[in-house]
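Quick notes on the structure that follows.
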There are 2 protein chains.
Amino acid sequence: MHYFTIGKLARQAAVAPETIRYYEKSRLLPPPDRLESGYRVYDSSTVKRVRFIKEAQALGFTLAEIADLLGMTEDEGADCATVNAKAQEKLEEIQKKIGTLRKMQKGLEVLAQRCPADEQPLSECSIISHLYGAEE
Amino acid sequence: MHYFTIGKLARQAAVAPETIRYYEKSRLLPPPDRLESGYRVYDSSTVKRVRFIKEAQALGFTLAEIADLLGMTEDEGADCATVNAKAQEKLEEIQKKIGTLRKMQKGLEVLAQRCPADEQPLSECSIISHLYGAEE
DNA sequence: CTTGACCCTGTACCTTACTACAGGGTGTAG
DNA sequence: CTACACCCTGTAGTAAGGTACAGGGTCAAG
């Protein structure tokens, strides 16, 4: 089966090799197998894992939170009550993020629609007012 | 009308006063009016603005991006084509974020459901596989 | 009319998440 | 058999986003 050295992994996941080593040190990636030379070797599942990390990060999760998220599925001997509680917590957080994004979306749509017909000042910020139900 | 000093504003928005001053320096907040003493004075719209900044940040937007977002509604004399193009761009970004969050949500739900009936190893990470359609 | 909570500016420091060497070994194409 | 791209460890530096003083003025309650 085809394997990846750190450089190839990094290219596939669109990050720098240093970032991979940094993630390893930070326990976001498990210590990989090594060739006799000491070179790290990875398989394609690591590519997915790194991409996941990057996407979660773009959504405002910190590396610590992401480690937690990934840890949930990997802790051998984590009991179900704990995993479920954590999952529930994360689900609520995600639900809230989606809700806020929806409101921003609405605000931007209003802003865009208002524009071609113009004349009204844009100064009343429709993004903010959609989030907080302000004087529209 | 009731006004806020920096400390009250900070408490209302759940940040530190230093953060408010930092946002002012970073042009995320306009220079406020001052009392004769030099004290900054704000009104409630600034509370909303600061909350907006914090929420946008929690969604992975940088302060520079947020400044851009807020700037869109305030640039006197920004032409509509430009505002619309920017809004469209942001809308796509937001749509993508929502999509990714939905997939994470699905993954976490599967993880949680799988747990009480247990026995299967959790080791196949359902969060990641939901994002990348891996071997489920 | 003072005391405690608040405000000011300015500078220095901190954490997170990288990024960039330095100094040295590896692997493969020509 | 060498040249060039790649890998290793370790340490230091960077950018973003704050946070923490120091040194000094303000304001309202008692």
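Note on naming: letters A, B, ... go to the chains in the order of the sequence lines (proteins, then strands), and numbering restarts at 1 for each one.
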Discussion item. I need the minimum non-hydrogen distance between A:Val41 and A:Pro32, along with the two atoms involved.
Written reply: O-CB, 3.5 Å
Closest to side chain of [X], choosing from [options]:
X	options	value
B:Ile6	D:dG18, C:dC8, D:dC8	C:dC8
B:Arg11	C:dC6, D:dT19, C:dC8	C:dC6
A:Glu18	C:dA20, D:dG17, D:dC8	C:dA20
A:Arg21	D:dC6, C:dC7, D:dT9	D:dT9

Worksheet item: Checking A:Glu65 side chain against A:Thr62 main chain: does a donor-acceptor pair fall under 3.5 Å?
Response: yes
Worksheet item: Which residues within residues 52-59 of chain A lie with some heavy atom under 4.0 Å of an atom in DNA chain C?
Response: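 Within this stretch, A:Lys54, A:Gln57 sit under 4.0 Å of the strand.
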Taking side chain to side chain donor-acceptor pair (under 3.5 Å) as the definition, give me every residue that meets it alongside [X], ordered by chain and number, with sequence neighbours left out.
X	value
A:Gln57	A:Lys54
B:Gln105	A:Gln95
A:Glu109	none
B:Glu24	B:Arg40

Practice prompt. For A:Asp33, enumerate each residue passing the salt bridge (charged side-chain N to carboxylate O under 4.0 Å, His left out) test, keeping only those at least two apart in sequence or located in another chain.
Written response: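 Partners of A:Asp33 under the salt bridge (charged side-chain N to carboxylate O under 4.0 Å, His left out) test: none.
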Practice prompt. Return the set of residues passing salt bridge (charged side-chain N to carboxylate O under 4.0 Å, His left out) with A:Lys97 (not counting sequence neighbours), or none when no residue passes.
Written response: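 Partners of A:Lys97 by the salt bridge (charged side-chain N to carboxylate O under 4.0 Å, His left out) criterion come out as none, since no residue qualifies.
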For nucleotides 10-14 of chain C, list the nitrogen or oxygen atoms of the protein found under 3.5 Å from its nitrogen or oxygen atoms, one pair per line.
none

Worksheet item: Do any pairs count as a salt bridge (Lys or Arg N to Asp or Glu O under 4.0 Å) and have a residue in residues 2-12 of chain A, sequence neighbours left out, and if so which ones?
Response: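 The answer is none; no pair qualifies.
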Side-chain polar contacts of residues 87-94 of chain B - donor-acceptor pairs under 3.5 angstrom, sequence neighbours left out - could you list them?
none

Discussion item. Can you work out whether B:Thr62 or A:Gly7 has the more 5'-proximal nearest nucleotide on DNA chain D?
Written reply: A:Gly7
Worksheet item: With sequence neighbours left out, what residues match B:Phe4 under ring pair (Phe, Tyr, Trp, His ring centres under 6.0 Å)?
Response: B:His2
Just N and O in the side chain of [X]: are any of them under 4.0 Å from OP1 or OP2 of [N]?
X	N	answer
B:Thr19	D:dG18	no
B:Tyr23	D:dG18	yes
A:Arg40	D:dT9	yes

Do any N or O atoms of the protein come closer than 3.5 Å to N or O atoms of nucleotides 25-27 of chain C, and which pairs are they?
{"unit_1": "C:dG25", "atom_1": "N2", "unit_2": "A:Tyr39", "atom_2": "OH", "d": "2.7"}
{"unit_1": "C:dT26", "atom_1": "O4'", "unit_2": "A:Tyr39", "atom_2": "OH", "d": "3.2"}
{"unit_1": "C:dG27", "atom_1": "OP1", "unit_2": "A:Ser37", "atom_2": "OG", "d": "3.3"}

Practice prompt. Give the rounded distance in Å between these two atoms: CD1 of B:Ile20 and P of C:dC7.
Written response: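 The distance from CD1 of B:Ile20 to P of C:dC7 comes to 11 Å, rounded to the nearest Å.
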